Each structure stands twice: as structure tokens, then as C-alpha cells.
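To start, the structure itself, in C-alpha cells.
The model shown is predicted, which means the values in this text are computed figures rather than measured ones.
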There are 2 protein chains.
Amino acid sequence: MPLAEPTETLSTPATDATERILAAAKDLFSESGFDAVSMNAIADRAGVSKANVFHHFKSKNDLYLAVLKIACSKSHAQIDQLGSDKDSFVARLRDYSVSHLASILQDEKISRLIQRDLLENGPQRGKEFAEQVFGQNFARLVDILRSGQKKGELRKEIDPAMLATLLIGADVFFFQSREVLRHFPDVSFTAAPERYSAMLAEILLHGILPKP
Amino acid sequence: MPLAEPTETLSTPATDATERILAAAKDLFSESGFDAVSMNAIADRAGVSKANVFHHFKSKNDLYLAVLKIACSKSHAQIDQLGSDKDSFVARLRDYSVSHLASILQDEKISRLIQRDLLENGPQRGKEFAEQVFGQNFARLVDILRSGQKKGELRKEIDPAMLATLLIGADVFFFQSREVLRHFPDVSFTAAPERYSAMLAEILLHGILPKP
DNA sequence: CATTACATTGACCGACCGGTCAGTCAGTGC
DNA sequence: GCACTGACTGACCGGTCGGTCAATGTAATG
């Protein structure tokens with residue numbers, strides 16, 4: 001729990017040019033990527049002059065980093081309910097499978113932004129942000145899986161990190177490929193993410209082989 | 001007819017400016033994406049003038065499409081050995097799991113190029129190419145799974161398209177995230193793709209629950 | 001040799017890029 | 001009234017972008 005910003009998100013919602021710039025930048029960057037978005041376009045959508053954008057953010061990269069930081073901090077708070085011990089391990093994993101994909105789909109712009117960032121940059125820029133927030137969620141998921149494994153709720157041959165990768169990867173792949181998958185006649189679940197999540201949990205829990 | 005060169009792909013490999021341009025464009029596009037690569041850079045790397053690039057390709061988009069077309073056609077021929085009936089279904093699926101990931105990792109540039117294209121464009125451009133080649137492999141995989149299911153080698157509750165999505169998605173996610181995953185202390189398989197493939201098959205075949 | 005066809009080139013264009021700058025304006029403390 | 005500040009702007013900078021074009025080289029054909 002780092003520090004929670006007071007109420008500025010509600011005190012100056014539309015009046016503050018900075019927030020309008022940030023919102024415009026988030027939209028445009030997530031739609032088209034860093035290079036394809038000009039500062040003129042951001043300024044136009046925010047309803048301010050380009051010079052004013054440079055007044056609030058010292059460079060295009062600085063603005064991009066600010067957008068990414070906000071996006072990451074928002075996705076911080078989400079994946080916290082899956083640790084509760086009240087239900088059975090199987091039920092909790094099913095819950096996680098559904099809620100994780102739902103949270104990815106909830107703010108498509110943020111997901112696309114982070115995903116794009118992980119792909120685009122070779123050397124530097126916001127990679128650390130994404131790695132940090134992604135790594136945090138990943139480690140938390142691995143911990144939960146490992147503790148479940150110690151209680152015998154998970155086969156001991158399973159690598160928890162492998163399972164975590166599979167859980168996250170299945171959702172990420174669904175998110176980024178659903179527009180393509182949608183056109184395949186064999187695929188029936190693109191319009192029903194919760195069904196995808198359910199089938200995913202089913203396969204992971206029981207495998208694909210017939211019961212002997 | 002003093003000149004008789006039937007196999008032009010081998011007769012003029014490096015002399016032909018067109019091929020040098022295509023190779024340079026493939027490298028640069030896969031490294032940095034469409035927008036971030038200038039025609040000057042492509043011309044420089046190919047060792048020709050920029051005007052000559054426009055002589056052989058009518059626009060930047062045209063060159064990009066040509067590169068994508070070649071990339072897709074190359075990946076066409078690969079995923080064909082998994083249909084052979086000689087081995088058991090389990091063995092074939094294990095084989096596929098390994099060989100599919102290996103083929104993705106084999107030509108990283110092509111994989112990155114296609115992946116980037118699927119992410120970048122909203123409306124048009126090479127999406128059809130990727131959909132076509134991807135859809136072909138996907139349909140083939142689904143067919144094989146479905147036939148195995150009819151023979152009782154696969155639980156009848158399993159959706160073949162879902163399983164295919166999982167198989168492909170796990171590999172794609174591994175490919176695109178391994179640079180990030182590599183820094184996570186829990187992850188031990190980033191340097192050993194064949195171990196990742198083996199664990200994937202293990203989990204999919206038998207599930208993660210302890211045997212009753 | 002003249003002609004034809006094409007590969008190749010440097011010079012060049014208008015548009016737009018990220019970024020700067022001098023200056024306007026509203027608000028605030030004294 | 002005055003000084004000061006920060007938000008804000010239009011005009012502008014050097015540079016790069018995709019793309020064009022007239023001219024040159026070069027080899028084959030007549």
C-alpha cells in the first residue's frame with residue numbers, strides 16, 4: 001500500500017489541463033503506439049496547445065512514462081482477492097481464472113498499452129514499470145500456488161511458476177488474439193470470456209485425457 | 001540465349017538489389033516496427049539509394065506487405081509432420097508441443113514481425129496475411145485434435161478449438177514474454193524451451209490435481 | 001552506331017516531426 | 001499600484017519523413 005492520492009482525481013476532473021493531456025495521451029498511445037502519435041495530436045485531443053503539453057511534461061518520453069506509470073498503478077490493486085483461504089483451492093483457482101481475464105478485458109486501453117510497451121522497446125523506457133507490476137502479480141500468484149501445493153491440493157510434480165505462466169499467458173493470448181480468433185469457424189468462445197476461463201480451469205485441473 | 005538461370009532464388013542471391021532490400025526491410029521492421037523504420041535506413045542497409053527502393057517497391061507500405069508475404073509463406077511449410085498416425089496420440093501431442101515452440105523460436109525475426117503486425121494495425125494492412133497463415137495452422141491443429149477425440153484419445157468434454165488455442169497461446173506467450181520472465185526468480189525454464197514444452201504437455205495431459 | 005529498356009542515382013519537395021521561444025494573461029501577495 | 005508567478009499560446013526552428021523526378025549508366029537489340 002504505497003500512498004493513496006487524496007481526491008484530486010475528483011476535485012479537478014475536466015478543468016485541469018494536465019489530466020486531459022494524460023487522458024488523451026493514454027488513448028492515443030494505446031491505440032497507435034509511441035511513434036505513431038504526435039504531440040500535436042495529443043494536444044488537439046486534449047484541447048490545449050502543443051506548447052502547453054511541453055509546459056506540463058518536459059518531453060514526449062516523459063509524457064509517455066507518466067501515462068504508463070498511471071496505468072501500472074491502476075492495475076496494482078486488482079489481483080488481491082485470490083489469496084483468501086475461505087474457499088477450496090479448486091474454487092479459488094476457478095475464481096482467479098475468471099477474474100484475471102475479466103480485469104484484463106476491463107480496461108482494454110491499459111492492457112494494450114502495457115502489452116505494446118513490452119513489445120516495442122528494445123533497450124529502455126518504461127519496461128521497468130511493466131516488469132515491476134507484472135512481476136509483483138506473478139510472484140503473488142506463484143506464492144499462492146506453492147502454498148496450495150504444500151497442502152497437497154496440487155500435484156507435487158507441478159512447477160508453480162510454470163502453472164502461473166500458463167494461467168497468465170492463456171489470458172494474455174486470449175486478449176491479444178481474440179480479434180483474429182473470432183474469424184475462425186472452430187472457435188466459439190471469443191464472445192464469452194467467462195466460458196474461456198471456465199474451460200481453461202477445467203483443462204488445467206483435470207487434464208485432457210479420458211479418465212481411466 | 002547465353003544466359004540460362006532458371007532458379008533465380010539461388011542464382012542471384014546477393015547481387016540482386018531487390019533481395020537485399022527485402023532482407024534489410026525484414027530485419028529493420030522486425031526490430032523496430034513499421035513507423036520507426038525509415039526508407040533511408042532500409043536503403044542504407046541494403047546498400048542502395050532510397051530512390052532505388054521506390055523503384056522496386058511503389059511505397060513503404062508495399063515493401064512492408066512484400067516482407068510480410070515472404071515471412072508468412074516461409075512459415076507455411078512447417079507444421080505438417082504432426083498429422084502422422086504412426087505414433088500414439090500422446091506422443092504426437094508431445095512432439096507437437098516441442099516442435100511448434102521450436103519453430104517459433106527458430107526464426108525470431110519472422111515471429112516478431114507477424115506478432116507486431118497483429119498488434120499494430122487497427123484497420124488494414126497485412127492482417128489478412130497473418131490471419132490466413134495462422135488460421136490455416138490453427139484449423140489443421142483443431143482437425144487433428146478432433147480426430148483424436150473421436151478415437152477416444154481425448155476426453156469428449158474438451159473443446160478442440162480451446163485446446164488448440166491453449167497450445168498455441170502458451171508458445172506465443174513464452175516467445176513474447178521470455179525476456180521479462182527471465183528476470184523473475186521463480187522462473188527456471190526460460191533458457192530451456194524444450195523443458196517448457198514438456199511441462200506444458202504434462203499439465204495439459206494429466207492436469208494439476210493429485211491423483212485420487 | 002543508334003535505339004530501346006531499365007536499373008540506379010542525387011537533388012529535391014512539401015508535410016510534419018519534437019521541441020523552443022518570446023510573450024500574453026489571470027491570479028495573488030504586498 | 002506593482003511585482004511576481006505559472007498556465008498558456010502562436011510562431012517558429014532544425015531536422016526527418018515518404019515520395020518524386022530528371023539525368024546517368026549500362027547492357028541488349030536492331
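Applying the ring-ring contact (aromatic ring centres under 6.0 Å, His included) test to residues at least two apart or on different chains, none of the pairs has a partner in residues 35-58 of chain B.
When the P atom of C/dG19 is taken as reference, atom OH of A/Tyr64 falls 15 Å away, rounded to whole Å. Whole-Å rounding puts the A/Lys58 NZ to D/dA7 C1' distance at 19 Å. Spacing between atom CD1 of A/Ile42 and atom P of C/dC16 amounts to 17 Å, rounded to whole angstrom units. With rounding to whole Å, B/Phe34 atom CZ is found 13 Å from D/dC17 atom P. C/dG10 atom P lies 11 Å from atom CG of B/Asp44, rounded to whole Å. With rounding to whole Å, B/Met39 atom CE is found 13 Å from D/dT20 atom C1'. The distance from atom CG of A/Asp35 to atom C1' of D/dG18 is 15 Å, rounded to the nearest whole Å. Between A/Lys60 atom NZ and D/dG15 atom P there is a gap of 19 Å when expressed in whole angstrom units.
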Side-chain donor-acceptor distances from residues 183-196 of chain B under 3.5 Å, at least two apart:
unit_1: B/His183; atom_1: ND1; unit_2: B/Glu179; atom_2: O; d: 3.0
unit_1: B/Asp186; atom_1: OD1; unit_2: A/Arg146; atom_2: NH2; d: 3.0
unit_1: B/Ser188; atom_1: OG; unit_2: B/Arg195; atom_2: NH2; d: 2.9
unit_1: B/Tyr196; atom_1: OH; unit_2: B/Ala170; atom_2: O; d: 2.8

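Taking B/Lys109 as the reference, B/Lys26, B/Asp27, B/Ser30, B/Asp107 meet the side-chain contact (heavy atoms from CB on, under 4.5 Å) condition, with sequence neighbours excluded. B/Gln115 pairs by the side-chain hydrogen bond (donor to acceptor under 3.5 Å, both in side chains) definition with B/Gln176, not counting sequence neighbours. Partners of B/Arg112 by side-chain hydrogen bond (donor to acceptor under 3.5 Å, both in side chains), not counting sequence neighbours, listed by chain and number: B/Glu108.
Each of C/dG18, D/dG18, C/dT8 was ranked by its minimum atom distance to the side chain of A/Ser38; first place goes to C/dG18.
Here CZ of B/Phe173 is found 9.5 Å from CG of A/Leu166. Values are rounded to the nearest 0.5 Å.
A heavy atom lying under 4.0 Å from DNA chain C marks the following residues of residues 45-55 of chain A, by number: A/Lys50, A/Ala51, A/Phe54.
Applying the 4.0 Å criterion to OP1 and OP2 of C/dG18, one finds that A/Asn40 has every side-chain N and O outside that range.
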